[in-house]
Structures are given as structure tokens and as C-alpha cells.
Novice: 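The structure is given below, and queries will be raised subsequently.
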Amino acid sequence: MAQDPYLGRVITAFEGGITTRVITHPSHPDRVFAYEVTFLLQHPRVIAVASQKPPLHFHPHQEEYLQVLEGHLAIEIEGKERILTPEDGEVTFRPWTNHRLYSPVSNGKQDDLKVTRFLLSAESTPELFRLDTVFFENWYAYQDQVVVKGEKIDLIQVMSMFDAGGSYLSLPRWIPFSRTIARALGIVVGRWIGGILGYQPFHRKWTTDWEFACRKMEMSVFQRRFADRSKTE
């Protein structure tokens, strides 16, 4: 098995409010990625993100795993919120399950909650468009553009990135076949139309393993033109 170029790397987002260390999972080394993530709950950027909440989404192919090591973490699964602690052990997000995770501090007033540390990982699957570190590295960098630099969020860019990471934005549950429609929208808008309009899921300036990112983009005729291995920026 090839050495993971990300192993040991620390990815920082939101001006240091969130740090993600790439590790080998202590119990399941075969997982496609494992991260030790730290949220500084009183950091203003983390508070701002918690109050807005990240997008509700699902993964059709992968199981995703979460285990709180220190502090508290809020998760939402199919519309129900839970506050996790280390006593809850590992929680599994099964394929097609609408979910999101975020800081339990939404207004900065819970002074006793300062740090949350947790393990995030996912199973390895044969699909190339799946959750992996190339996706998370670019997604964190894009969120920095929005949260820190104040750029307006671009829905097509989000859908392009999510599709390449095997993730799709959830639709309201009352819509018939909502997950099937949401996945189709992610592919058609994010991959096909987005590719035609010049949206790429991965950017050289944000990507450590550009070779792997190019291989992923080469899987789609609409994104193949972005896989330029000569890029340095």
C-alpha cells in the first residue's frame, strides 16, 4: 500500500479555530482516512460557523465514523440533534443518512466548554468520488474563503466539491425520493453543468496530493480539462 502523503499533516482552518491532524486510525487502520480534529469552541470563527451550521448532507456509498475524545460535539441525524461526549463511543453515519456535525457552542456564552477533540474517519470504498483528504483539504480551504475572507458562497462550487467527495446536499425529507433527486442534482449541477461553466472540485493551490486530485477529475469528461499536472499554483 502506498504511503499516504497526508499522514502526519495538520490542516488548519478558520484562523486556527479548527485543526485537523491526519493519522492512522488506532483501531481500524484500513479506513480510507482518519483525523483527530480539534475545535476551539470559544474561537470567534468557530462560534460563527456553529451559529450558521454546516450543510445537511449524505454519502450514498460510505459509512462515516465519529468518536468524541474530549468535550462535547453536536450532531444532527435525520433532523434529530444529539450532544456527544466521550462516553458515547463511536457513532456511525450510514450511507444515505442525512447528517451534519458542529460545535455545541452557538453563542459563546457556555464558558465551561472550551475544547472539543474527536476522531473522524470513513470506510474505504472502490468509488474514486468519495470522502478523502483531498476533498477535506479543499473544502476547508473553500470555507476559509467564505468565513474568513468574506467571499459569497457559490452553490455550484459547493455542489461540485461535494460531488467529488461522494457527498450530496440534503433536500427536505417530505420531498418524494429526496435522496435520489439530491444525488442527481449534485451530479448534473455540480459535475456536469459546473464543469462546463468552469467550476472545478479541487484547486492546485489548496491541494497537497495534486496527482491524486487529477486522477479523480479525469474520471469525468466534464472535469478532465482541470487535471493539469503542470500546475504549480
Side-chain angles (χ1 to χ4, degrees), residues 4-6 9 11-15 18 20 22 32-33 35 45 48-49 52-62 64 96 98 100 122 125-172 175 177-233:
D4 182 355
Y6 289 100
R9 180 177 170 82
I11 302 170
T12 303
F14 305 152
E15 298 182 324
I18 297 177
T20 300
V22 184
V32 69
F33 67 79
Y35 308 136
R45 296 297 187 188
V49 170
Q52 297 169 13
K53 292 188 180 180
L56 197 64
H57 63 282
F58 63 89
H59 318 292
H61 301 296
Q62 281 176 288
E64 190 176 13
W96 298 100
N98 297 310
R100 58 184 160 193
T125 60
E127 292 80 17
L128 206 56
F129 278 22
R130 66 182 183 182
L131 287 174
D132 55 27
T133 308
V134 171
F135 162 74
F136 278 107
E137 186 176 39
N138 278 265
W139 175 236
Y140 272 136
Y142 180 68
Q143 288 185 92
D144 261 354
Q145 300 299 303
V146 174
V147 175
V148 177
K149 297 185 178 180
E151 291 187 9
K152 186 177 180 180
I153 194 163
D154 189 319
L155 183 58
I156 298 179
Q157 182 63 67
V158 172
M159 294 175 79
S160 173
M161 287 181 154
F162 267 47
D163 170 59
S167 308
Y168 300 92
L169 300 176
S170 302
L171 294 174
I175 296 177
F177 310 108
S178 60
R179 291 172 178 83
T180 302
I181 295 171
R183 185 178 181 226
L185 282 172
I187 294 172
V188 172
V189 176
R191 191 185 313 177
W192 300 354
I193 296 176
I196 292 170
L197 294 177
Y199 289 86
Q200 58 189 85
F202 310 121
H203 296 260
R204 181 66 186 96
K205 63 183 177 180
W206 296 337
T207 307
T208 299
D209 192 351
W210 184 240
E211 169 64 30
F212 184 55
C214 287
R215 287 185 8 230
K216 292 185 73 167
M217 291 188 289
E218 284 170 345
M219 293 293 293
S220 168
V221 66
F222 298 97
Q223 297 174 348
R224 201 166 291 162
R225 63 193 172 104
F226 305 128
D228 182 357
R229 288 173 172 77
S230 67
K231 279 188 175 181
T232 57
E233 291 292 337

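Just so we're clear, the structure is a prediction, and the values are computed from it rather than from any experiment.
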Novice: Under the rule for side-chain contact (heavy atoms from CB on, under 4.5 Å), what residues qualify as partners of Leu197, not counting sequence neighbours?
Specialist: Ile156, Ile193, Tyr199

Novice: List the residues meeting side-chain contact (heavy atoms from CB on, under 4.5 Å) with Arg225, not counting sequence neighbours, and say none if there are none.
Specialist: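 Testing Arg225 for side-chain contact (heavy atoms from CB on, under 4.5 Å), a comparison that skips the adjacent residues, returns none.
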
Novice: Considering all heavy atoms of both residues, which atom of Arg100 and which atom of Pro54 are nearest to each other, and what is their separation?
Specialist: NH1-O, 3.0 Å

Novice: Could you grab the distance from atom CZ of Arg179 to atom CZ of Arg183, nearest 0.5 Å is fine?
Specialist: 13.5 Å

Novice: Begin from the C-alpha positions of Phe136 and Phe33 and carry the test ring-ring contact (aromatic ring centres under 6.0 Å, His included) through to its verdict.
Specialist: CA-CA 10 Å; Phe136 278 107; Phe33 67 79; 5.3 Å; yes

Novice: Locate the shortest heavy-atom distance separating Ser178 from Pro172; write the atom from each residue and the value.
Specialist: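 Smallest heavy-atom distance, with atoms named: CB-O, 3.6 Å.
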
Novice: Which atom pair, heavy atoms only, marks the closest approach of Ser160 to Gly190?
Specialist: CB-O, 3.4 Å

Novice: Could you list the residues that satisfy side-chain contact (heavy atoms from CB on, under 4.5 Å) with Ser170, not counting sequence neighbours?
Specialist: Leu56, Phe58, Asn98

Novice: Side chains of Ile187 and Tyr168: closer than 4.5 Å at any heavy-atom pair?
Specialist: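 Yes; the side chains approach each other to less than 4.5 Å.
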
Novice: Side chain to side chain contact (heavy atoms under 4.5 Å, CB included), that's the test. Do Ile11 and Trp206 meet it? Break it down for me.
Specialist: CA-CA 11 Å; Ile11 302 170; Trp206 296 337; over 6 Å; no

Novice: Could you check whether any side-chain N or O of Arg224 sits under 3.5 Å from a backbone N or O of Glu218, counting only pairs where one atom can act as donor and the other as acceptor?
Specialist: yes

Novice: Let me confirm one number: the OH-CD distance from Tyr140 to Gln143, rounded to the nearest 0.5 Å.
Specialist: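 The CD atom of Gln143 is 7.5 Å from OH of Tyr140, to the nearest 0.5 Å.
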
Novice: For residues Asp163 and Gly186, report the shortest heavy-atom separation together with the two atoms involved.
Specialist: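 Minimum heavy-atom separation between Asp163 and Gly186: CB-O, 3.8 Å.
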
Novice: Taking the side chain from Gln200 and the backbone from Gly194, do they hold a donor-acceptor pair closer than 3.5 Å?
Specialist: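 Answer holds: no.
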
Novice: Evaluate the criterion side chain to side chain contact (heavy atoms under 4.5 Å, CB included) for residue pair Met161 and Val158; output intermediate values, then yes/no.
Specialist: CA-CA 5 Å; Met161 287 181 154; Val158 172; 6.0 Å; no

Novice: What is the minimum heavy-atom distance between Phe226 and Gly195, and which atoms define it?
Specialist: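 Taking every non-hydrogen atom into account, CZ-O, 3.7 Å.
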
Novice: What's the spacing between His59 NE2 and Trp96 CH2 if we round to 0.5 Å?
Specialist: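 Answer rounded to 0.5 Å: 12.0 Å.
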
Novice: Between Val32 and Leu131, is there a side-chain heavy-atom distance shorter than 4.5 Å?
Specialist: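 Of all side-chain heavy-atom pairs linking Val32 with Leu131, none is under 4.5 Å.
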
Novice: Going from CD on Gln223 to NZ on Lys216, what distance comes out if it is rounded to the nearest 0.5 angstrom?
Specialist: 10.0 Å

Novice: Within this structure, what is the CD-CZ distance for the pair Glu15 and Arg45, rounded to the nearest 0.5 Å?
Specialist: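 With rounding to 0.5 Å, CD (Glu15) is 4.0 Å from CZ (Arg45).
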
Novice: For a quick test of reading the model, state the closest non-hydrogen atom pair linking Gly166 to Pro60 and the distance between them.
Specialist: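 Scanning both residues, the minimum pair turns out to be O-CD, 3.5 Å.
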
Novice: Does Asp144 have any side-chain contact (heavy atoms from CB on, under 4.5 Å) partners at least two apart in sequence or in another chain, and if so, which?
Specialist: Ala13, Phe14, Val148

Novice: Carefully, step by step, assess Asp209 and Thr133 under the rule side chain to side chain contact (heavy atoms under 4.5 Å, CB included).
Specialist: CA-CA 9 Å; Asp209 192 351; Thr133 308; over 6 Å; no

Novice: Nearest 0.5 Å, please: how far is CG in Asp154 from OH in Tyr142?
Specialist: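 The CG atom of Asp154 is 5.0 Å from OH of Tyr142, to the nearest 0.5 Å.
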
Novice: Could you pull out all residues at least two apart from Phe162 that satisfy ring pair (Phe, Tyr, Trp, His ring centres under 6.0 Å)?
Specialist: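 Per chain and number, Phe162 pairs via ring pair (Phe, Tyr, Trp, His ring centres under 6.0 Å) with His57, Phe135, Trp139.
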
Novice: Please assess Tyr6 against Val134 for the test side chain to side chain contact (heavy atoms under 4.5 Å, CB included), listing each intermediate value before the final yes or no.
Specialist: CA-CA 9 Å; Tyr6 289 100; Val134 171; 3.6 Å; yes

Novice: Mind checking what makes salt bridge (charged side-chain N to carboxylate O under 4.0 Å, His left out) contact with Glu137, not counting sequence neighbours?
Specialist: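 Applying salt bridge (charged side-chain N to carboxylate O under 4.0 Å, His left out) to Glu137 gives Arg9.
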
